[in-house]
Asker: 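Before anything else, here's the structure in question.
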Amino acid sequence: MQVAVVTFDGFNELDSFIASALINRCRKDGLEAFITTPTPVVASMNGVEVTGQRPMEFVTEADVVLIGSGVKARDVVADDRLISRLRLDPSRQLIGSQCSGALVLARLGLLHGMPVCTDMKSRPFVEACDVTVLDAPFHAEGNIATAGGCLASQYLATWVITRMLGEDAARDVIGYVAPVGENQETVERAMRAVRAGEAALR
């Protein structure tokens with residue numbers, strides 16, 4: 001089971017690295033994440049250069065695709081050639097976005113009226129795409145999920161692990177990385193956020 005963490009130039013380190021690091025704690029169970037980039041090397045919003053583990057075309061074979069955010073998200077959605085490389089299929093893939101990654105989901109026509117979560121700076125640009133933005137950290141409908149706020153990337157990872165391996169696996173991962181002494185409350189908060197996000201419009 002493979003996860004493509006799509007990471008563009010100008011990316012937010014928290015969004016890409018938290019999700020991939022949490023998911024990669026499940027390697028022993030067959031779930032593995034790869035930083036997936038449009039060019040061999042991308043630089044973060046803070047100038048951290050990262051060599052991609054997989055090329056953008058990897059998204060077509062991945063079981064899960066997570067679209068990260070960054071300061072150049074609007075440039076990404078305006079680049080027809082780049083967007084054309086994101087051939088996603090929600091009928092067979094789990095697809096998630098982090099913060100401004102919601103702009104990419106909108107550009108790809110994957111939302112179909114679904115409301116999303118995004119960060120405060122991206123909100124007006126997402127709403128300009130005629131997409132409703134929720135005041136919540138996580139929302140999912142079917143095989144598509146969105147998260148808003150950098151640290152909500154843990155909720156996106158929790159959703160992926162739960163869907164692919166079950167709730168116990170997600171609890172184990174979040175419990176392991178939680179601040180010492182806050183393990184149980186961190187696990188319950190993550191599980192609660194994911195459940196609430198999936199139940200919001202039922």
Side-chain angles (χ1 to χ4, degrees), residues 3-20 22 35-38 42-46 56 59 62 64-91 93-160 163 190 192-202:
V3 181
V5 180
V6 178
T7 303
F8 301 107
D9 200 47
F11 73 95
N12 183 313
E13 300 96 329
L14 293 173
D15 295 347
S16 288
F17 294 157
I18 290 176
S20 61
L22 292 178
I35 299 296
T36 302
T37 56
V42 292
S44 77
M45 59 192 292
N46 294 305
M56 190 63 76
V59 299
V64 181
V65 179
L66 301 182
I67 309 292
S69 74
V71 295
K72 297 182 180 180
R74 285 184 289 159
D75 294 334
V76 169
V77 297
D79 187 332
D80 291 340
R81 181 176 293 182
L82 180 53
I83 286 294
S84 71
R85 297 170 68 186
L86 288 167
R87 297 177 182 175
L88 308 184
D89 182 358
S91 70
Q93 295 173 305
L94 295 184
I95 300 169
S97 71
Q98 179 67 44
C99 293
S100 61
L103 287 169
V104 177
L105 297 191
R107 175 70 168 78
L108 292 171
L110 296 174
L111 296 175
H112 303 294
M114 171 183 164
V116 303
C117 300
T118 191
D119 63 284
M120 290 184 290
K121 286 188 176 181
S122 300
R123 180 170 188 152
F125 302 110
V126 174
E127 290 178 330
C129 298
D130 199 27
V131 174
T132 299
V133 175
L134 302 172
D135 289 316
F138 178 84
H139 180 72
E141 293 184 20
N143 285 347
I144 296 180
T146 61
C150 300
L151 295 181
S153 52
Q154 64 182 300
Y155 302 151
L156 201 55
T158 297
W159 175 73
V160 169
R163 287 288 302 268
R192 186 167 57 247
V194 170
R195 288 196 201 102
E198 291 183 318
L201 295 183
R202 287 177 187 168

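Numbers for residues simply follow the sequence, beginning at 1.
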Asker: Donor-acceptor check, side chain of D9 to backbone of V42, threshold 3.5 angstrom: yes or no?
Answerer: no
Asker: Using 30° and 60° as the class boundaries, would you call the ring planes of W159 and F138 parallel, tilted or perpendicular?
Answerer: tilted
Asker: Determine whether N12 and C99 make a side-chain contact, defined as any pair of heavy atoms from C-beta on separated by less than 4.5 Å.
Answerer: no
Asker: Between S69 (side chain only) and G101 (backbone N and O only), is there a donor and an acceptor less than 3.5 Å apart?
Answerer: no
Asker: With rounding to the nearest 0.5 angstrom, report the NE2 to CG distance, H112 to L110.
Answerer: 6.0 Å
Asker: Just by modelled atom types, is the V59 backbone N or O under 3.5 Å from a matching donor or acceptor in the Q93 side chain?
Answerer: yes
Asker: So do V104 and S97 actually touch side chain to side chain, heavy atoms under 4.5 Å?
Answerer: no
Asker: Are side-chain heavy atoms of L82 and M56 found at a separation under 4.5 Å?
Answerer: yes
Asker: Between L151 and I18, is there a side-chain heavy-atom distance shorter than 4.5 Å?
Answerer: yes
Asker: Donor-acceptor pair, R163 side chain versus L94 backbone, under 3.5 Å?
Answerer: no
Asker: Please determine whether side chain to side chain contact (heavy atoms under 4.5 Å, CB included) holds for the pair D80 and R107, giving the CA-CA distance in whole Å, both sets of side-chain angles, and the decisive distance to 0.1 Å.
Answerer: CA-CA 10 Å; D80 291 340; R107 175 70 168 78; 2.3 Å; yes
Asker: Going by heavy atoms in the side chains, are T118 and T146 under 4.5 Å from each other?
Answerer: no
Asker: Show the atom names and distances, to 0.1 Å, of all donor-acceptor pairs under 3.5 Å that link a side chain in residues 125-134 to residues at least two apart or in another chain.
Answerer:
from, atom 1, to, atom 2, distance (Å)
E127, OE2, R123, NE, 3.0

Asker: Have S44 and E13 got a donor and an acceptor in their side chains that come within less than 3.5 Å?
Answerer: yes
Asker: Could you check whether any side-chain heavy atom of L66 comes within less than 4.5 Å of a side-chain heavy atom of Q98, counting everything from C-beta outward?
Answerer: no
Asker: Is there side-chain contact between I67 and F8, with at least one heavy-atom pair below 4.5 Å?
Answerer: yes
